[in-house]
Amino acid sequence: MTVAPDFLSHLNASQRQAVEHYCGPLLVVAGAGSGKTRALTFRISNLVMRHRVNPENILAVTFTNKAAREMKDRIETLFADRFAQEEQGKALELLPAFEQTKLRSRVYKTITKHLWIGTFHSLCARILRLEINKYKDEQGRQWEKNFSIFDESDVQSLIKDIVVNRLNLDDRKFPPRAVRFAISNAKNQGLSPSEYELENNNFRGRVIASVYSAYQDGLVANNALDFDDLIRILVKLFQQNEQVLAYWHSQFHHILVDEYQDTNRTQYDLLRLLTTNSEPVKSFKNWKNRSIFVVGDADQSIYSFRAADFTILMGFQQDFGDRLSDDETQTMVKLEENYRSTENILQAANALIENNTERIDKVLKPTRGEGEIIFCFRADDELHEAEFVVDQLRTLERENPEVNWGDFAILYRTNAQSRTFEDALVRWAIPYTVVGGLKFYDRREIKDVLAYLRLIVNPADTLSLQRVINTPRRGVGKTTLDRLAQAAQELGVPLWDILSDESSVKTLAARSSKPILKFVEMIQHWQGQLETQPAAEIIQGILEQSGYAQDLVMQGTDEADERLGNVKELYNAAIQFGEENEDQALNTFLANAALASDADNKDATDTVTLMTLHSAKGLEFPIVFLVGLEQGLFPNFRSLDDPAALEEERRLCYVGITRAQERLFISHARERRLYGSRESAIASLFLSEIPRDLMQLNSPLAIPKHKPEMTATPKTPKSTMPNTHAQDWTVGDRLLHKGFGIGEITHIFGAGDKICLAVRFPSMGQKILDPKITALQRVT
DNA sequence: ACACCGTGTATTTTT
DNA sequence: TACACGGTGT
């Protein structure tokens with residue numbers, strides 16, 4: 001492989017600085033559309049090509065499977081193109097198809113296959129499959145390597161069972177959903193049940209801790225983990241076992257993280273452990289042949305409700321970096337040039353996000369023309385709004401031959417808003433796709449088959465056992481099952497152990513025992529094939545021999561037909577998996593399937609896209625309609641009295657605006673149907689934050705000239721600023737905050753009056769505060 | 001086992 | 001409004 005990759009010449013100065021970064025920490029603050037995936041993929045290529053880093057020693061973490069896939073693909077293309085240039089003197093795409101395939105497969109075998117690229121969850125699952133038997137939790141509980149991964153509905157039903165049946169709690173006072181949420185949050189902070197109880201030592205806290213504890217019992221009993229535990233338990237294992245950590249620390253020399261603003265506490269702990277081998281971060285200096293390289297944008301942090309904490313990104317330089325100020329630091333690069341959107345759109349985005357206080361100062365710099373003006377439409381109601389949108393769609397499509405339906409996106413805050421647009425699109429026979437809704441792996445029939453697979457691999461998985469033992473009906477009734485389940489409970493063994501013990505089952509009447517024995521025999525038959533048969537074979541066996549497929553055929557309804565189709569789709573997925581992986585074992589296929597949720601993402605066909613703003617993150621469209629900009633809807637009413645939540649809504653709006661490449665339409669309605677009743681609505685606060693000269697309004701009164709009084713961030717005029725000037729603060733100062741107590745300044749962001757303080761509070765952890773709007777009192 | 005009806009609930013959801 | 005869920009009745 002030759003050195004001196006000249007692909008660097010395609011990069012701008014800051015991209016280049018990021019890509020050429022070799023050892024040590026680097027935070028890449030990547031604005032929307034600034035080429036962050038490029039920076040990531042090019043840097044990985046550069047590490048391998050120029051610095052001769054072994055691909056096995058590179059770890060790249062993403063949040064979605066899609067992002068991981070994309071990264072692998074792009075790296076593969078980079079290398080294949082490079083080989084094409086070097087060996088044939090031609091760009092990859094100019095080679096005949098078979099040559100391209102040959103080159104790609106060579107790149108795969110020598111490079112990309114060896115890279116560790118995946119989501120936090122798949123990475124952790126992969127390591128835990130090897131190491132989990134070395135872990136013991138504080139109660140001495142242990143898991144085996146063939147653990148199941150419970151999905152959200154498994155978790156919900158387990159928690160519900162604990163709340164109402166085991167602990168006999170009032171599920172109105174402790175809604176399983178809310179309890180589940182609290183437990184998940186606790187896990188994402190890295191808290192065990194007892195630690196959670198210590199921090200929440202009130203009635204509610206103690207109850208939740210007891211559910212949490214019983215829930216962990218349930219997971220162990222099923223030899224199962226939930227998504228949160230995949231990460232939390234690996235962190236705990238690393239903390240309690242030096243050798244295991246040391247091994248993985250020495251495995252990963254270069255760690256790269258995408259969407260760093262979305263990391264939560266345990267994910268951060270994991271990265272920190274892997275990077276420093278548990279040395280205190282502040283004293284960690286051994287960056288020889290090592291790096292941590294994180295890419296993110298605090299302005300696009302929209303998942304705090306899932307425990308994502310963008311202050312982790314804000315604190316990167318404090319944690320890993322040189323702790324110097326923004327203009328002196330060597331450990332931060334800002335990618336500010338935007339290659340996606342026209343200038344008007346960027347100006348709107350910049351102006352909007354300026355209203356946030358918790359951020360790293362950054363602007364999107366235009367590289368394209370001024371573009372068309374943004375159009376803002378005030379509709380009478382949601383029907384009128386949809387009519388407007390579809391009208392624009394049709395006109396634009398008709399009058400511009402180069403514009404296709406696939407160029408349009410309609411983005412909204414809540415899924416419930418999609419219907420009106422769907423109706424209007426149907427009326428005009430415009431093809432559209434709604435993103436979201438029921439996912440492939442959430443369909444009942446898919447979960448059924450997966451439950452068979454899980455049971456075969458992990459017989460302790462009682463939840464799966466109960467799902468399939470009578471699916472399709474084979475005469476195993478609820479009472480029989482309850483009796484056996486109770487016996488299992490009393491003996492403290494998995495239900496499967498009772499079922500698979502012939503003499504136990506034979507104590508039942510023959511009418512009950514016969515189908516059970518037959519079922520057990522069937523499962524054992526497939527278990528016997530685990531080592532020898534590929535996943536696809538076993539799936540086919542299940543469909544045929546369990547009667548599942550036949551049952552669907554017999555039903556003969558359209559719905560059953562569709563289910564049958566989906567089940568076959570799963571079989572195809574297994575076939576494809578077998579073709580793409582050396583290891584075709586069911587274990588491996590299942591481990592993968594449990595963490596894949598977007599396998600049914602169809603490729604872009606030429607249809608209008610409808611989706612929530614959350615789903616739109618990371619995507620781009622030539623023409624974007626941002627709809628429903630009304631107080632209470634967007635920003636959502638739940639955020640109106642919480643400044644931090646309101647800022648997150650604003651970031652969501654920022655994400656929406658920055659999806660648009662050429663044209664942006666924004667709309668709001670004066671009246672909207674909500675939960676059956678009509679409510680009048682006023683224009684969103686966010687509309688008033690976009691400069692008027694960037695927008696053309698259909699109605700002069702559409703936007704209030706002054707901000708609606710709902711402004712949740714009370715901006716104190718500078719003259720009455722509380723107690724101190726920004727400049728007065730220095731790192732190390734101690735101060736008092738009304739809500740958080742006494743803390744110490746660990747870092748200062750920005751300069752002048754744009755200053756933000758990172759303050760560590762003993763009880764709250766690190767918070768980013770703006771001294772201009774938060775009352776802070778110095779303490780000595 | 002299934003159909004029916006009343007009740008409660010309704011942001012976002014990468015894994 | 002619309003739906004999912006649980007309880008009841010057949």
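Chain letters run A, B, ... following the sequence lines, proteins first, then strands; residues in each count from 1.
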Query - Among A:D583, A:N581, A:L570, the one residue meeting side chain to side chain contact (heavy atoms under 4.5 Å, CB included) with A:F589 - result: A:L570
Report summary line: Hits for side chain to side chain donor-acceptor pair (under 3.5 Å) against A:D226, two or more places apart or cross-chain, chain-then-number order -> A:K187, A:Y215
**Report entry** Closest to side chain of A:N415, choosing from B:dT15, B:dT14, B:dT13
**Finding:** B:dT13
**Report entry** Neighbours of DNA chain C within residues 669-678 of chain A, by heavy-atom distance under 4.0 Å
**Finding:** A:R673, A:Y675, A:G676
Query raised in the report: Rounded to the nearest Å, what distance is computed from the OH atom of residue A:Y412 to the C1' atom of nucleotide B:dA10?
Result: 16 Å
Query raised in the report: If you look at every strand shown and take non-hydrogen atoms under 4.0 Å, does A:D228 touch a base, only sugar-phosphate, or nothing?
Result: nothing
Requested in this report: For A:H614 and for A:L595, find the nucleotide of DNA chain B with the closest heavy atom, then tell me which residue's nucleotide is more 5'.
Outcome: A:H614
Report summary line: To the nearest angstrom, the CD-P distance between A:Q300 and B:dT14 comes to 17 Å
Query - A:Q261 versus A:L313, closest heavy-atom pair with distance - result: N-CD1, 3.7 Å
Query raised in the report: Can you name the residues that form a side chain to side chain contact (heavy atoms under 4.5 Å, CB included) with A:N470, not counting sequence neighbours?
Result: A:R473, A:R474, A:V476
Query raised in the report: Which part of the nucleic acid does A:R419 contact within heavy-atom distance under 4.0 Å: base, sugar-phosphate only, or nothing?
Result: sugar-phosphate
Requested in this report: Measure from NZ or CZ of A:R204 to the centre of the six-membered ring of A:F174 and say whether it is under 6.0 Å with the direction within 45° of the ring axis.
Outcome: no
Query raised in the report: Across the strands shown, which category fits A:Y303 at heavy-atom distances under 4.0 angstrom: base, sugar-phosphate, nothing?
Result: base
**Report entry** Any donor-acceptor N/O pair under 3.5 Å between B:dT12 base and A:R306 side chain
**Finding:** no
Query raised in the report: Within this structure, what is the CZ-to-P distance between A:F305 and B:dT13, rounded to whole angstrom?
Result: 7 Å
Query raised in the report: Using 30° and 60° as the class limits, which term best fits the ring planes of A:Y412 and A:F421: parallel, tilted or perpendicular?
Result: parallel
Query raised in the report: Contact class for A:S615 (heavy atom, under 4.0 Å): base, sugar-phosphate, or nothing?
Result: sugar-phosphate
Report summary line: Hits for side chain to side chain donor-acceptor pair (under 3.5 Å) against A:N146, two or more places apart or cross-chain, chain-then-number order -> A:N223
Report summary line: Closest to the side chain of A:R172, out of B:dG8, B:dT13, B:dT14, is B:dG8
Using nucleotides 1-6 of chain B, report all nitrogen or oxygen pairs with the protein that are shorter than 3.5 Å.
residue	atom	partner	partner atom	Å
B:dC2	OP2	A:R473	NH1	3.3
B:dC2	OP2	A:R473	NH2	3.4

Query raised in the report: How would you list, by chain and number, every residue that makes a side chain to side chain donor-acceptor pair (under 3.5 Å) with A:N165, sequence neighbours excluded?
Result: A:D161
